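Data first, discussion second: the structure below is written as structure tokens.
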Amino acid sequence: MVMSAESIRNVIGIIGNVISFGLFLSPVPTFYRIIKNKAVEDFSPIPYIATVLNCIFWVFYGMPFVHPDSLLVVTINSVGLVLELIYLAIFYTYAAKQNNGRKKVLLGLSVEVIFAAIIIIITMTTLHTYKKRSLMVGVICDIFNTLMYVSPLTVMKQVITTKSVEYMPFYLSLTNFLNGSIWTAYALIKFDIYVLVSNGIGAVSGAAQLILYAIYYRTTPKHNDDAPQKPTQIQLSGASVA
């Protein structure tokens with residue numbers, strides 16, 4: 001029995017959901033450390049605040065009144081949104097009152113809610129077709145995802161400069177590549193230019209990181225000490241989930 005294109009798309013989307021869920025869980029070691037030490041140390045809430053906004057817009061994009069037949073985009077980004085808010089709640093709880101960590105969280109979320117509300121109101125009151133709504137929200141999603149994909153460029157530059165992949169975790173780069181590739185395939189089956197653009201860039205970015213890893217792995221210094229390493233603060237700057 002030959003599967004229909006829609007069935008294949010759903011299977012690929014489910015696989016994409018699983019991979020994306022793994023990416024959303026990637027900050028868990030960071031927040032385990034924060035809870036264990038009862039302090040946020042020098043970790044920043046900004047990556048998680050940025051991902052909240054990203055998830056909000058992808059959830060809105062996938063709604064049936066904006067871009068129909070995008071249930072899998074809505075489900076994974078809804079899960080991601082909940083996880084990011086949990087991370088920020090933990091950060092807020094353990095941020096010292098005397099530093100500006102709590103202020104950053106509250107200010108960042110407030111600005112995002114206002115911005116998202118303005119975009120949603122404009123979209124729903126002035127745009128009355130799926131095509132126009134998809135264009136408006138899809139372009140915004142792609143802009144934010146592209147900005148998030150730019151962040152690994154500094155790490156990639158560091159890898160080339162130091163000839164070391166110490167600060168570019170292999171499994172994160174691999175997962176980013178797989179995530180971008182699977183969602184690119186999802187977008188191609190039932191053509192979705194907005195999902196395609198952001199995740200196509202993600203797949204290329206992930207592939208570039210893997211190539212650099214292969215080139216500079218041998219020249220990376222090996223540490224023999226058993227001292228615990230600070231967990232890498234990673235986020236979906238990488239990965240576009242949708």
Side-chain angles (χ1 to χ4, degrees), residues 16-17 19-35 40-63 66-67 70-95 99-124 136-152 172 175-176 179-180 183 194-195 197-199 201-202 205 231-242:
N17 270 227
I19 296 174
S20 298
F21 182 65
L23 279 171
F24 277 125
L25 290 178
S26 60
V28 166
T30 294
F31 286 91
Y32 174 77
R33 177 187 175 111
I34 289 174
I35 293 171
V40 298
E41 302 175 25
D42 58 347
F43 290 112
S44 170
I46 292 176
Y48 314 101
I49 294 173
T51 307
V52 164
L53 186 61
N54 199 44
C55 288
I56 288 174
F57 278 118
W58 277 117
V59 169
F60 183 46
Y61 175 84
M63 289 293 169
V66 176
H67 194 86
S70 301
L71 178 61
L72 292 173
V73 173
V74 174
T75 53
I76 186 57
N77 284 284
S78 297
V79 170
L81 178 59
V82 171
L83 288 173
E84 297 303 320
L85 291 175
I86 291 173
Y87 296 150
L88 287 173
I90 294 171
F91 188 96
Y92 184 87
T93 300
Y94 291 103
N99 70 23
N100 59 0
R102 291 185 173 182
K103 186 181 296 184
K104 284 182 180 178
V105 171
L106 293 177
L107 180 61
L109 290 178
S110 298
V111 170
E112 288 182 349
V113 168
I114 294 172
F115 178 64
I118 291 173
I119 296 299
I120 291 171
I121 291 172
I122 292 174
T123 301
M124 298 305 298
M136 172 84 165
V137 184
V139 168
I140 292 174
C141 288
D142 280 347
I143 289 173
F144 281 114
N145 268 338
T146 301
L147 291 175
M148 294 177 79
Y149 274 123
V150 168
S151 61
L172 181 61
T175 308
N176 280 335
N179 187 69
W183 283 108
Y194 308 109
V195 174
V197 167
S198 58
N199 288 283
I201 294 173
S205 174
T232 305
Q233 178 156 310
I234 50 181
Q235 194 46 43
L236 294 180
S237 54
S240 150
V241 180

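Being a predicted model, the structure only gives us computed values, none of them experimental.
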Determine whether a donor-acceptor pair (N or O, by modelled atom type, separation under 3.5 Å) exists between the side chain of [X] and the backbone of [Y].
X	Y	answer
R102	Y94	no
S26	L23	yes
N54	F144	no
N199	V195	yes

Considering non-hydrogen atoms only, spot the tightest contact between [X] and [Y] and give its length.
X	Y	result
V66	V137	CG1-CG2, 4.1 Å
C55	G80	SG-C, 4.0 Å
I119	M136	CD1-CE, 4.3 Å
N179	S20	OD1-OG, 2.6 Å
Y61	C141	CB-SG, 4.1 Å
P45	G101	CG-O, 4.4 Å

Tell me every residue that passes side-chain contact (heavy atoms from CB on, under 4.5 Å) with [X], counting only those two or more places apart in sequence or in another chain.
X	result
V28	L25, Y87
I114	I118
V197	D142, I193, I201
Y32	K36

Is there a side-chain contact (heavy atoms from CB on, under 4.5 Å) between M124 and F60? Walk through the geometry before answering. CA-CA 11 Å; M124 298 305 298; F60 183 46; 4.0 Å; yes
Restricting to side-chain hydrogen bond (donor to acceptor under 3.5 Å, both in side chains), what partner residues turn up for S70, sequence neighbours left out?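 So S70 forms no side-chain hydrogen bond (donor to acceptor under 3.5 Å, both in side chains) with any residue.
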Quick one: side-chain hydrogen bond (donor to acceptor under 3.5 Å, both in side chains) partners of T123, sequence neighbours excluded?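 Residues passing side-chain hydrogen bond (donor to acceptor under 3.5 Å, both in side chains) with T123: none at all.
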How far does [atom1] of [X] sit from [atom2] of [Y], to the nearest 0.5 angstrom?
X	Y	atom1	atom2	value
W58	H67	CH2	NE2	9.0 Å
L88	L109	CG	CG	5.5 Å
F24	T51	CZ	OG1	7.0 Å
I140	I56	CD1	CD1	12.0 Å
I49	E112	CD1	CD	6.5 Å
L106	Y92	CG	OH	4.5 Å

After noting the C-alpha distance and the side-chain angles of F57 and N77, does the key distance pass the side-chain contact (heavy atoms from CB on, under 4.5 Å) rule? CA-CA 9 Å; F57 278 118; N77 284 284; over 6 Å; no
Assess the residue pair F31 and I86 against the criterion (side-chain contact (heavy atoms from CB on, under 4.5 Å)); give the C-alpha distance rounded to whole Å, side-chain angles, the decisive distance to 0.1 Å, and a yes or no. CA-CA 10 Å; F31 286 91; I86 291 173; over 6 Å; no
Applying side-chain contact (heavy atoms from CB on, under 4.5 Å) to T30 and Y48, what does each step give before you reach the verdict? CA-CA 12 Å; T30 294; Y48 314 101; 4.1 Å; yes
